[in-house]
Novice: 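Mind looking over this structure? Questions follow.
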Amino acid sequence: MQAAVVNVLGQPPQFQEFSDSVAGQGEVVVKMLAAGLHPIVKSRASGAHYSSSGKVPLIPGIDGVGELDGKLVYCFGSQEGLGTMAEKTVARPENCYPLPPGLDPLQAAAIANPGMSAWLSLKLRAALKPGESVLILGATGVAGQLAVQAARQLGASRIIGAGRNVDALRDSGVDAIITLTDPEEAISRAFADQLSQGGFDVVIDYLWGRPTELFLGALAKSFRPDATRSTRLIEVGESAGKTIALPGALLRSVDLTLSGSGFGSVPLKQVLGGIQELLQIAAEGRLQVAVEPVPLAEVTEAWGRTEKGKRVVFTIE
Ligand SMILES: NC(=O)c1ccc[n+]([C@@H]2O[C@H](COP(=O)([O-])OP(=O)(O)OC[C@H]3O[C@@H](n4cnc5c(N)ncnc54)[C@H](OP(=O)(O)O)[C@@H]3O)[C@@H](O)[C@H]2O)c1
């Protein structure tokens, strides 16, 4: 079969012949039609992701849309080395769901991974309640834009988006924007200003690194001994840095709960349940993402392409 193949970790895949995917026990072969180029796909293909075994050659792709028993399905691949960016992949049948009627296959392939991160972090990990306020760090990316839409769906009263490419947020319906290309003092002031207007019940963090440090610095300065407010920060991505400096005093001076959302902190069954729910909502037109379709044969050239606020989806003939 034809597939995208990573032969050397860290280098873009080549479109080449690869031996057909063979189903193991409890698996089925799925004929693939579309697979999203999500950050985790690149991270695994480079060997850098915490779930990556680092073995090559490998076919990248964690999920996508394909055909199984003549039906269109969303499926989550079951073997790391036999990913979804190929004519065929292998999956466990319980991890393949019929696409809800009316959902465009490219939209489904684009939205499942970033949308799941938004949906699970807000609904499951933060347990967002209607009327609560939300800050999204990295609201300009595909996942961040979906987090804005999901927070609205879940009844957030106030949504603040922070990012660099803030043009992506102009029509998003956020209540205020914090521009992360501003000088650090201005960013800290903007966080402080928002904190003085009632603070945030929930922070969904796709960035980590310096923007998170600046937010937490502003949060620490919002200290009031007589008016404690609780904030649940959910770490979801690390686009701006792998680590942060976390002063101990911060955890004593404000009521901050830190947790994360991802494979491992959320069991796979719940991740896939969240995706199923999300695809239904997307089919109703209540969540949307901009898609850039690219034929899989162009994988090498498209691998490093930065499509701001859009998800590249490889189409497979
Ligand atoms: N844990 C999970 O379940 C899960 C699931 C999906 C994604 N993620 C993670 O979430 C993050 C975002 O994913 P995505 O799908 O939205 O990717 P994306 O569409 O490529 O967006 C990347 C985002 O990172 C921002 N960014 C990159 N470098 C930055 C920097 N140095 N400083 C500030 N912002 C920076 C971009 O900002 P601008 O566009 O404003 O430049 C954009 O908002 C990734 O780290 C991804 O691995 C986690």
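Only this structure's heavy atoms are used, side chains among them; waters, hydrogens and symmetry mates stay out. Both ligands and their constituent atoms are indexed starting at 1 by order of listing.
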Novice: To the closest 0.5 Å, what do you measure between SG (C75) and CG (L33)?
Specialist: 9.5 Å

Novice: Hey, are D175 and R152 close enough for a salt bridge, meaning a charged N less than 4.0 Å from a carboxylate O?
Specialist: yes

Novice: Should the pair K123-E277 be classified as a salt bridge under the 4.0 Å nitrogen-to-oxygen rule?
Specialist: yes

Novice: Where is the nearest protein heavy atom to atom 5 (C) of ligand 1: which residue, which atom, and how far?
Specialist: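 Sorting protein heavy atoms by distance from atom 5 (C) of ligand 1 puts S117 CB, 3.1 Å first.
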
Novice: Report the part of L207 in contact with ligand 1, treating N, CA, C, O as backbone and CB onward as side chain, heavy atoms under 4.0 Å; options are side chain, backbone, both, neither.
Specialist: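 It is the side chain that touches ligand 1; the backbone stays farther off.
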
Novice: Among V202, L128, V236, find the one that has a side chain to side chain contact (heavy atoms under 4.5 Å, CB included) with S121.
Specialist: V236

Novice: What protein heavy atom lies closest to atom 8 (N) of ligand 1? Include the residue and the distance to one decimal.
Specialist: V236 O, 3.8 Å

Novice: Would you say Q288 and Q145 are linked by a side-chain donor-acceptor pair, where the criterion is simply a distance under 3.5 Å?
Specialist: no

Novice: Evaluate whether atom CD of E94 has more than 12 neighbouring non-hydrogen atoms of other residues, nucleotides or ligands under 6.0 angstrom away.
Specialist: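 It does: E94 CD has more than 12 such atoms within range.
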
Novice: Does the pair E132/R232 count as a salt bridge with the N-to-O cut at 4.0 Å?
Specialist: yes

Novice: Using a distance-only test with no angle check, is there a side-chain donor-acceptor pair under 3.5 angstrom linking Y206 and S117?
Specialist: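 A donor-acceptor contact under 3.5 Å links the two side chains.
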
Novice: Any idea which part of R210 is under 4.0 Å from ligand 1, heavy-atom wise: side chain, backbone, both or neither?
Specialist: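 Contact part for R210 vs ligand 1: neither.
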
Novice: Atom CG of L256 and atom CG of L246: how far apart are they, to the nearest 0.5 Å?
Specialist: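 Reported value, rounded in 0.5 Å steps: 7.5 Å.
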
Novice: Below 4.0 angstrom from a heavy atom of K308, which ligand 1 atoms are there? Numbered from 1 as shown, please.
Specialist: 38 (P), 39 (O), 41 (O)

Novice: Need the ligand 1 atom indices (1-based, order shown) with element for anything under 4.0 Å from a heavy-atom of G262.
Specialist: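 So the atoms of ligand 1 that pass are 1 (N), 3 (O).
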
Novice: Do the side chains of E67 and K71 get close enough for a salt bridge, i.e. N-O under 4.0 angstrom?
Specialist: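 No, this pair does not count.
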
Novice: When you compare the side chains of Q153 and Q149, does any donor N or O come within less than 3.5 Å of an acceptor on the partner?
Specialist: no

Novice: Within the structure, is a non-hydrogen atom of L180 found at a distance of less than 4.0 Å from ligand 1?
Specialist: no

Novice: May I ask you to identify the nearest protein heavy atom to atom 38 (P) of ligand 1, giving residue, atom name and distance to one decimal place in Å?
Specialist: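 Of the protein heavy atoms, T140 OG1, 3.3 Å lies nearest.
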
Novice: Taking only non-hydrogen atoms of H38, do any sit less than 4.0 angstrom from ligand 1?
Specialist: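 False for this residue.
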
Novice: Please list the nearest protein heavy atom to atom 47 (O) of ligand 1 with its residue and the distance rounded to 0.1 Å.
Specialist: P39 CB, 3.5 Å

Novice: Consider every N or O of A143 and every N or O of ligand 1, then say whether any pair is closer than 3.5 Å.
Specialist: yes

Novice: Can you pull out the closest protein heavy atom to atom 15 (O) of ligand 1? Residue, atom name and distance to 0.1 Å, please.
Specialist: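 Ranked first by proximity to atom 15 (O) of ligand 1 is R311 NH2, 2.8 Å.
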
Novice: Which bit of S261 gets closer than 4.0 Å to ligand 1, counting heavy atoms only: side chain, backbone, both or neither?
Specialist: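 Looking at S261 and ligand 1, just backbone atoms fall under 4.0 Å.
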
Novice: In sequence, state the C-alpha distance, the side-chain angles, and the governing distance for E80 and K55, and then conclude on salt bridge (charged side-chain N to carboxylate O under 4.0 Å, His left out).
Specialist: CA-CA 9 Å; E80 187 202 351; K55 287 191 197 137; over 6 Å; no

Novice: How close does the nearest protein non-hydrogen atom get to atom 6 (C) of ligand 1, and which residue and atom is it?
Specialist: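 Checking every protein heavy atom, the shortest distance to atom 6 (C) of ligand 1 gives N113 OD1, 3.3 Å.
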
Novice: Closest by any non-hydrogen atom to atom 33 (C) of ligand 1: pick that one out of E235, E238, R164.
Specialist: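 The nearest heavy atom belongs to R164.
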
Novice: Looking only at protein heavy atoms, which one is nearest to atom 21 (O) of ligand 1, and how far off is it?
Specialist: G141 CA, 3.4 Å

Novice: Would you tell me which option among N165, V266, V142 has the nearest heavy-atom contact to atom 19 (O) of ligand 1?
Specialist: V142

Novice: What is the nearest protein non-hydrogen atom to atom 10 (O) of ligand 1, stated with its residue, atom name and distance?
Specialist: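 Ranking protein heavy atoms by distance from atom 10 (O) of ligand 1, first comes Y206 CD2, 3.2 Å.
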
Novice: Could you pull out, from G138, S239, A290, the option with a heavy atom nearest to atom 22 (C) of ligand 1?
Specialist: S239

